[in-house]
Amino acid sequence: MIGAVSSVGILYGVFHLLRLFGAGAAVDGLNILENPANQLRMVNQWDNIDGSIERGYAGKSIFYEDNKITSDLERIRDYARLLASSGINAISINNVNVHKYETMLITPEYLPDVARLADIFRAYGIKLFLSVNYASPLEIGGIATADPLDPSVRQWWRNAASEVYTAIPDFGGFLVKADSENRPGPFTYGRNHAEGANMLAEALEPHDGIVIWRCFVYNCKQDWRDRKTDRARAAYDHFNPLDGQFKENVILQVKNGPIDFQVREPISPLLGAMPATNQVIEFQITQEYTGQQRHVCYLVPQWKEVLDFDTHLKGEGSTVKRIVDGSLHGNRYSGFAAVSNIGNDANWTGHLLAQANLYGYGRLAWNPELSSEQIAEEWIRMTFGGDADLVDAILRLLMDSWVFMRRIRLRLV
């Protein structure tokens, strides 16, 4: 018998039982209690409405084509089931770099199609989010400013949020990239990120929505030879002084390292440095710096190294995984986010073994205590069967790939 406090819990229970069957585990006398360690387990699609995918290495978008939302909903349904089977419960369906047409996803022109996607993901326990353009009031709202303290701007966002929730009552909220890599943000108006994020949080608050605000903020125009500006400190310098100033329904999304998903870099100093602010950690499933999905690179060992790092913030045992699951500081919201690696290729990820990264991310977000080997072996057995020699060969290939990639990058540096 599978029991849970919700229908979504039953779904996860069914998938867990199927996982045991698929991995060839003994199922006699089962007595398992499973709960996810992290509240938010999210994938970020970097899909553009023209059908392209930023940092995508597995074909075109399954969501968009020709500046429209696709009518091929079966592929979306398959993806929703795929994500739910590994424990994912949230998705943002468009690139954080929000351009002209994507800006209009929150308008009546596109909302009916967005709502149809939300219906599909809802059936699998996944909440839908949208990346929004901070300058929307200026670009599509007919207002001369996007100043977060301007009353007309605040009212515009309240109206926009109400329209979204009328179409999608359980809409998750907004994902925002602001003041980074030429994207608009509150800095334009002499405001800080707390003031910018809180304006959106205020609009979403009556609907129980959340704002996920990315902390990837730095001066992308700086001369790399200028040693006076430390890019690795940028996110910390911008956000740490604002601890405690964000509304309760704001979550800061912090990359695992202080630069940009590099193969080798230290833990982001911002993780854990804002105890009065909700945080989620951001990983990159797509292989931007790790072979561009043309080569094997199993990323779970990298993520495990980050999560198991002990910050000693509150003495021994103050690991990153305890920061991001909310248990160290008692934050209301917490969890994982990651950049997806799927496209419309028949096998989803282009390189077949890259599927292990998508599956591994979901499993690690659910239970960070799982080992890299355990997750890899689960995926191998469910994908290729249980032949011992085959399982051993692919397991060694996956586990060695990360060691090899690390050595290559160190030699290049």
Side-chain angles (χ1 to χ4, degrees), residues 33-42 87 89-90 192-194 197 210-218 230-284 299-338 360-375 402-403 406:
L33 176 63
E34 281 274 341
N35 286 298
N38 290 286
Q39 181 183 18
L40 188 72
R41 306 176 301 281
M42 186 178 197
N89 69 349
N192 63 40
H193 282 271
I210 59 176
V211 176
I212 303 175
W213 191 274
R214 296 180 84 239
C215 295
F216 185 53
V217 177
Y218 70 102
D230 186 350
R231 177 174 166 180
R233 281 187 47 168
Y236 184 93
D237 289 344
H238 285 308
F239 287 92
N240 176 256
L242 302 176
D243 188 31
Q245 296 182 34
F246 291 89
K247 289 181 73 67
E248 194 173 32
N249 60 327
V250 174
I251 307 173
L252 299 186
Q253 184 166 304
V254 184
K255 287 189 178 185
N256 61 273
I259 303 295
D260 186 15
F261 299 130
Q262 299 299 298
V263 176
R264 298 292 287 167
E265 60 177 310
I267 309 301
S268 171
L270 193 57
L271 287 167
M274 301 180 68
T277 305
N278 301 309
Q279 292 184 330
V280 296
I281 194 169
E282 181 181 6
F283 293 117
Q284 190 178 47
L299 296 172
V300 175
Q302 180 195 39
W303 302 335
K304 285 284 294 181
E305 185 177 320
V306 172
L307 294 168
D308 291 341
F309 181 83
D310 196 338
T311 65
H312 291 271
L313 281 171
K314 292 187 175 181
E316 188 174 353
S318 301
T319 54
V320 170
K321 62 191 171 190
R322 289 194 58 213
I323 295 169
V324 300
D325 71 13
S327 63
L328 190 67
H329 297 309
N331 302 108
R332 178 180 176 184
Y333 294 107
S334 57
F336 281 40
Y361 167 74
R363 292 290 284 136
L364 204 59
W366 182 279
N367 182 3
E369 302 303 326
L370 294 172
S371 70
S372 302
E373 293 87 350
Q374 182 179 350
I375 292 171
W402 171 244
V403 176
R406 222 167 30 171

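Just so it is clear, the structure is predicted and the values come from calculations on it, not from any experiment. This chain uses plain numbering: 1 for the first residue, then up along the sequence.
- Checked by atom type and distance alone, the side chain of R363 never pairs as donor or acceptor with a backbone atom of I375 at under 3.5 Å.
- Nearest heavy-atom pair, P368 versus L307, reported as atom, atom and distance to 0.1 Å: CB-CD1, 4.4 Å.
- For the salt bridge (charged side-chain N to carboxylate O under 4.0 Å, His left out) condition, the pairs that include at least one residue of residues 323-337, sequence neighbours left out, are E248-R332.
- To the nearest 0.5 Å, atoms CZ (F309) and CD1 (I267) are separated by 5.5 Å.
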Report task. I would like to know whether N192 and L242 meet side-chain contact (heavy atoms from CB on, under 4.5 Å); could you show each step before the answer? Result -> CA-CA 8 Å; N192 63 40; L242 302 176; 3.6 Å; yes
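- Ring-plane geometry between F336 and Y361 is classed as tilted, the angle between the planes lying from 30 to 60 degrees on a 0 to 90 degree scale.
- The two residues S334 and G326 come nearest to each other via the heavy atoms CB-N, 3.5 Å.
- Between D308 and K321 the shortest side-chain heavy-atom distance falls below 4.5 Å.
- Taking D237 as the reference, R233 meet the side-chain hydrogen bond (donor to acceptor under 3.5 Å, both in side chains) condition, with sequence neighbours excluded.
- You'll find the side chain of L328 reaches within 4.5 Å of the side chain of L313, heavy atoms only.
- Summarising the geometry, atom CD belonging to Q245 is positioned 12.0 Å from atom CZ belonging to F239; distances are rounded to the nearest 0.5 Å.
- Taking CD of E282 as the reference point, atom SG of C215 lies at 9.5 Å (rounded to 0.5 Å).
- The backbone N or O of F283 sits nowhere less than 3.5 Å from a side-chain atom of N256 that would complete a donor-acceptor pair.
- Looking at every heavy atom in both residues, K304 comes nearest to L370 through NZ-O, 2.8 Å.
- Atom CG of L40 is separated from atom CD1 of I281 by 13.0 Å, given to the nearest 0.5 angstrom.
- Taken to the nearest 0.5 Å, the OG1 atom of T277 stands 11.5 Å off from the CD1 atom of I251.
- The shortest heavy-atom contact between S318 and D310 is N-OD1, 3.1 Å.
- Distance CD/Q374 to CG/N367: 8.0 Å, rounded to 0.5 Å.
- Between H329 and M274, every side-chain heavy-atom pair lies at or beyond the 4.5 Å cut-off.
- Q284 and W303 get closest at one heavy-atom pair: O-CZ2, 3.7 Å.
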Self-check item: Derivation and outcome, salt bridge (Lys or Arg N to Asp or Glu O under 4.0 Å), residues E305 and R264
Solution: CA-CA 11 Å; E305 185 177 320; R264 298 292 287 167; 3.1 Å; yes
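- When atom types are taken as modelled, the side chain of Y218 and the backbone of A232 share no donor-acceptor pair closer than 3.5 angstrom.
- Partners of W366 according to the ring-ring contact (aromatic ring centres under 6.0 Å, His included) rule, which considers only residues two or more places apart in sequence or in another chain, are Y12.
- Within the 4.5 Å cutoff, no side-chain heavy atoms of K255 are placed close to those of S268.
- In this structure, the side chains of V280 and Y333 stay at 4.5 Å or more apart for every pair of heavy atoms.
- Within the 4.5 Å cutoff, the side chain of N331 has no heavy atoms near those of the Q279 side chain.
- For the pair F216 and I259, the tightest heavy-atom approach, listed with the atom from each and the gap, is CE1-O, 3.2 Å.
- Looking only at side-chain heavy atoms (C-beta outward), R231 and D260 come within less than 4.5 Å of each other.
- Within the 4.5 Å cutoff, the side chain of I212 has heavy atoms near those of the M42 side chain.
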